[in-house]
Amino acid sequence: METKKEYDTLIVGAGPVGLSVACELVRQGLASQVLLVDSLKEQLLQTKASILWPRSLEVLAAFTGIVTAAEAYGLRLTNVVFRGDQNAFLTRINLAKHFDSAYHYGVLLEQWYTEKLLAEYCTANNLHINRSTAFVSFKYVENNSGYPIEAILNTPSGRVTVHVKYLIGCDGTKSIVRKAIGLSFNGQVLPGTFYSAHFTTKHQVLEIDNTALSIYLTSKGMGFITPMPGDSTHEVSYMSGVSLTDEEAKKYATGKFNSHGQAILADIPLLDGQILLRERLQANIIIDKIRWQTHFRVNERLVGGYSDGKHVFLAGDACHAHSPAGGQGQNTGIQEAINLGWKLAMVLKNQASPALLESYENERLAIGKNLIDFTTRASTMTTLENCMLRFIRDKVIGLATSQSFVCDIIAQTIGETIHNYRNVEFNSEHWEKPPLIPHFFRRRNQNILRLFANRLHAGDRISIHMFPTVETSFWIQTTGFKLVFFQGCCHSKLPTFDLSLASLHELGEHLIKSTQGAITAYIVIPASECETSTVGVRGQCLFLIRPDGHVGLRSEPASANIVLAYLRDRVGWLKFDESALSLAVKPFNPLKHDWMHGVFFTAVIGGVIAWYLNK
């Protein structure tokens with residue numbers, strides 16, 4: 001470990017989540033001010049979280065080379081297949097067809113390989129993992145140095161004290177950082193045991209689809225299997241898992257118990273594992289070698305908060321524990337890391353107020369709750385014991401997934417593209433109503449658009465496939481906010497708002513200059529290309545896209561004052577030039593919907609007409 005004693009950020013845990021926070025801080029130019037520690041002497045070569053879903057691929061694309069390398073190494077998963085007893089086919093969901101992303105697949109690869117790619121990105125940018133270094137404790141100290149946290153670390157050379165501005169706990173479900181700040185981790189242990197094994201074989205499992213996650217719902221329990229990258233042409237590799245009854249689990253009891261009073265099980269021997277997998281997956285499985293295996297009881301837990309309200313934050317498994325159904329945990333943690341990372345970077349660079357960091361918990365805690373609800377429902381559905389309920393479930397699965405909209409919801413939930421921050425005040429919309437006379441119908445159409453149309457809202461994520469005419473590099477080449485201007489659709493212009501293309505370009509240049517690093521890129525979508533987008537645009541407007549790819553502000557019309565006021569009042573941006581400060585004089589107060597007025601006057605007029613006709 002270096003002898004330096006002061007850092008901006010101490011990250012505890014070098015798993016996928018801790019490394020993702022580190023990568024985002026590296027991308028933001030803060031590598032030299034980050035201390036990344038992990039208690040392990042060397043990386044564990046564990047399979048564990050074995051898939052990157054589309055939303056994770058979208059955010060990781062900002063780290064040059066990571067997604068390309070993951071795709072080159074891993075396998076693409078494009079389907080989910082459900083089977084029942086006696087290998088009966090229940091349904092297939094074509095994820096590639098229903099993923100709402102430029103990435104129409106998940107990438108199957110071991111967790112250790114994901115960690116390897118993230119660590120290599122950090123190393124290439126001069127940020128190294130300090131291994132065999134364990135976080136012990138911390139306390140707040142009063143001084144004028146700007147480093148309010150004093151943390152104690154156990155290192156190979158003894159105990160070391162460091163002073164940091166922020167402490168990030170990415171140290172798993174047994175998080176020492178979470179315990180140090182006294183946050184609750186309430187929940188329950190679900191019944192049953194789950195056994196998972198990553199194995200290799202020279203005999204391909206012919207009964208499964210090599211593009212799919214195959215899920216088996218049988219009278220003896222549930223199971224899954226999916227292909228994994230192999231080391232050679234002479235063997236194939238699979239990740240698999242099955243549920244165990246309490247009776248089956250007792251066979252492997254060691255006589256020891258964990259802190260919850262539950263029996264600790266020994267590793268399941270290869271031949272026993274092979275029998276279990278053959279029975280649950282109803283396939284001729286021959287295991288040559290087990291690369292990695294685990295068994296566990298499923299904990300369903302959620303942290304009381306994602307920070308201590310000061311300078312300590314949590315991410316990943318330190319915040320939530322849940323069923324592995326759907327492979328959600330690692331992916332959710334990566335997105336938490338990116339959400340926290342860009343906000344922390346702006347604060348550390350003295351560009352934004354520390355109040356910006358409050359939006360991290362406001363946005364991510366609700367998604368953590370949704371995650372646990374989803375995985376618990378999925379786990380409960382797949383492990384039903386009552387034969388009648390299983391029969392109904394199997395029929396409902398087949399019927400429901402025959403509907404395209406249901407498959408859309410399932411794919412977007414699994415792929416984690418369904419999440420948004422619409423209900424968080426940090427993300428806002430501003431709509432200025434055109435004059436009632438002579439634009440009554442235009443105002444009505446504007447209300448219909450914002451209230452009922454399928455459109456991109458503030459808080460929604462954007463994906464490059466929504467903007468087919470925009471170069472991919474636009475989204476990942478800079479680290480700040482990005483402006484997307486729409487000139488407006490040809491058939492729906494609002495003359496009182498219209499700026500020419502040249503004026504919109506001038507506005508973009510002005511905002512980049514006047515915000516001094518907040519906005520780092522802009523693009524103008526001309527009217528001729530408006531119809532090709534899928535964001536729901538008619539009139540001239542702008543979108544202010546956050547560094548994590550979510551919409552921070554949607555404004556119609558395109559207004560410099562609104563953008564500047566939003567950055568000042570919602571983001572807490574501190575760096576403006578004098579011309580910007582003179583423009584953004586009013587508090588940011590986005591206009592509310594006026595649809596109730598329309599409903600009221602329509603009802604009154606309709607009532608008068610009805611009275612007159614019936615007179």
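Sorted by first and then second residue, the side-chain hydrogen bond (donor to acceptor under 3.5 Å, both in side chains) pairs involving residues 403-415 (not counting sequence neighbours) are His98-Asp408.
Within the 4.5 Å cutoff, the side chain of Glu115 has heavy atoms near those of the Leu19 side chain. Under the 4.5 Å side-chain criterion, counting only non-hydrogen atoms from C-beta, Leu95 is not in contact with Asn79. Tyr216 has its side chain within reach of Ile225: a pair of non-hydrogen atoms, C-beta onward, lies under 4.5 Å apart. When side chains are defined from C-beta on, Thr417 does not count as touching Ser463, because their heavy atoms never get closer than 4.5 Å. With contacts defined as side-chain heavy-atom distances shorter than 4.5 Å, the pair Ile152/Phe135 does not qualify. Between Ile290 and Asp267 there is no side-chain heavy-atom pair separated by less than 4.5 Å. Residues Phe374 and Thr376 have side chains not in contact (no heavy-atom distance under 4.5 Å, counting atoms from C-beta outward). Side-chain contact between Phe63 and Glu120 is absent, with no heavy atoms from C-beta onward closer than 4.5 Å.
For OH of Tyr140, the number of neighbouring non-hydrogen atoms (other residues, nucleotides, ligands) closer than 6.0 Å is greater than 12. The environment of CD in Gln188 is crowded: more than 12 heavy-atom neighbours from other residues, nucleotides or ligands sit within 6.0 Å. Taking a 6.0 Å sphere around CG of Asn423, one finds it holds 12 or fewer heavy atoms contributed by other residues, nucleotides or ligands.
Taking both residues in full, the closest heavy atoms of Ala62 and Arg27 are given as O-CD, 3.4 Å, listed atom of the first, atom of the second, then distance. Among all heavy-atom pairs drawn from Ala14 and Asp38, the shortest one is N-OD2, 2.8 Å. Closest non-hydrogen pair, Ala70 versus Val107, comes out as O-CG1, 3.5 Å. Between Ala318 and Phe185, the shortest heavy-atom contact is O-CE1, 3.9 Å. Of all heavy-atom pairs spanning Pro16 and Leu118, the tightest one is O-CD1, 3.6 Å. Here the closest heavy-atom approach between residue Leu265 and residue Thr254 is recorded as C-CG2, 3.7 Å.
Taking the charged nitrogens against the carboxylate oxygens, Lys179 and Asp171 have no contact shorter than 4.0 Å, which rules out a salt bridge. Between Asp308 and Lys310 no salt bridge is recorded (no basic side-chain N to carboxylate O distance below 4.0 Å). A salt bridge links Glu363 with Arg546; the closest basic N to acidic carboxylate O contact falls under 4.0 Å.
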Practice prompt. Go through the steps for Ser175 and Leu314 under the test side chain to side chain contact (heavy atoms under 4.5 Å, CB included), then give the verdict.
Written response: CA-CA 9 Å; Ser175 172; Leu314 304 174; 4.3 Å; yes
Practice prompt. Tell me, with the steps shown, if Ile367 and Tyr421 meet side chain to side chain contact (heavy atoms under 4.5 Å, CB included).
Written response: CA-CA 9 Å; Ile367 290 178; Tyr421 308 136; 3.4 Å; yes
Worksheet item: Checking side chain to side chain contact (heavy atoms under 4.5 Å, CB included) for the pair Val347/Leu357: CA distance, chi angles, key distance, verdict?
Response: CA-CA 8 Å; Val347 172; Leu357 295 170; 4.0 Å; yes
Practice prompt. List the steps, then state whether side chain to side chain contact (heavy atoms under 4.5 Å, CB included) holds for Thr211 with Leu75.
Written response: CA-CA 8 Å; Thr211 68; Leu75 303 178; over 6 Å; no
Discussion item. Apply salt bridge (charged side-chain N to carboxylate O under 4.0 Å, His left out) to residues Arg461 and Asp100 and explain how you reach the verdict.
Written reply: CA-CA 11 Å; Arg461 56 169 270 284; Asp100 179 29; 3.5 Å; yes
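Of the possible donor and acceptor atoms, one in the side chain of Thr218 sits under 3.5 Å from a partner among the backbone N and O of Gly221. A donor-acceptor contact shorter than 3.5 Å is absent between the side chain of His198 and the backbone of Lys48. At least one donor-acceptor pair closer than 3.5 Å links the side chain of His550 to the backbone N or O of Gly459. Not one N or O on the side chain of Ser20 forms a donor-acceptor pair closer than 3.5 Å with the backbone of Ile334. Between the side chain of Ser196 and the main chain of Gln293, no donor-acceptor pair closer than 3.5 Å is present. Arg178 places a side-chain N or O within donor-acceptor distance of the main-chain N or O of Thr173, the cut-off being under 3.5 Å. Under a 3.5 Å cut-off, the side chain of Gln33 and the backbone N or O of Leu30 do not form any donor-acceptor pair. Put simply, the side chain of Glu361 never gets that close to the backbone of Gly305: no donor and acceptor are under 3.5 Å apart. Using a distance-only test at 3.5 Å, with no hydrogens or angles considered, a donor-acceptor pair links the side chain of Ser353 to the main chain of Ala355. Proximity of a side-chain donor or acceptor of Asp272 to a complementary backbone N or O of Pro269 within less than 3.5 Å is not detected.
Interatomic distance, CG of Leu277 versus CZ of Phe224, reported as 9.5 Å (0.5 Å rounding). If you take CG on Leu213 and CD1 on Ile414, they are separated by 7.5 Å, rounding to the nearest 0.5 Å. Annotation: the span from Arg131 atom CZ to Leu40 atom CG amounts to 6.5 Å, rounded to 0.5 Å. The CD1 atom of Ile545 sits 6.5 Å away from atom CG of Leu456, with the distance rounded to the nearest 0.5 Å. Summarising the geometry, atom CD1 belonging to Ile397 is positioned 12.5 Å from atom OG belonging to Ser402; distances are rounded to the nearest 0.5 Å. One distance of note links CG of Leu365 with NE2 of His320; it measures 10.0 Å at 0.5 Å rounding.
Side chain to side chain, Tyr103 and Glu58 fail the donor-acceptor criterion of an N or O pair below 3.5 Å. Counting only N and O atoms by type, the side chains of Gln328 and Thr375 include no donor and acceptor under 3.5 Å apart. Under 3.5 Å, the side chains of His163 and Glu150 contain a donor-acceptor pair of N or O atoms. Side chain to side chain, Thr47 and Arg291 fail the donor-acceptor criterion of an N or O pair below 3.5 Å.
Close placement of the Phe199 and Tyr238 rings is indicated, their centers lying within 6.0 Å of each other. For His311 and Tyr166, the ring centers are positioned less than 6.0 Å apart.
Cation-pi check for Arg76 over Tyr105 is met; the charged atom lies under 6.0 angstrom from the ring centroid and within 45 degrees of its normal. Judged by the 6.0 Å and 45° rule, Lys343 forms a cation-pi pair with Phe426.
For Arg393, there are no salt bridge (charged side-chain N to carboxylate O under 4.0 Å, His left out) partners, not counting sequence neighbours.
Of the residues Tyr113, Trp112, Trp292, the one that meets the side-chain contact (heavy atoms from CB on, under 4.5 Å) test with Leu45 is Trp112. Considering Ile338, Thr332, Asn339 as possible partners of Glu336, the one that fulfils the side-chain contact (heavy atoms from CB on, under 4.5 Å) test is Thr332.
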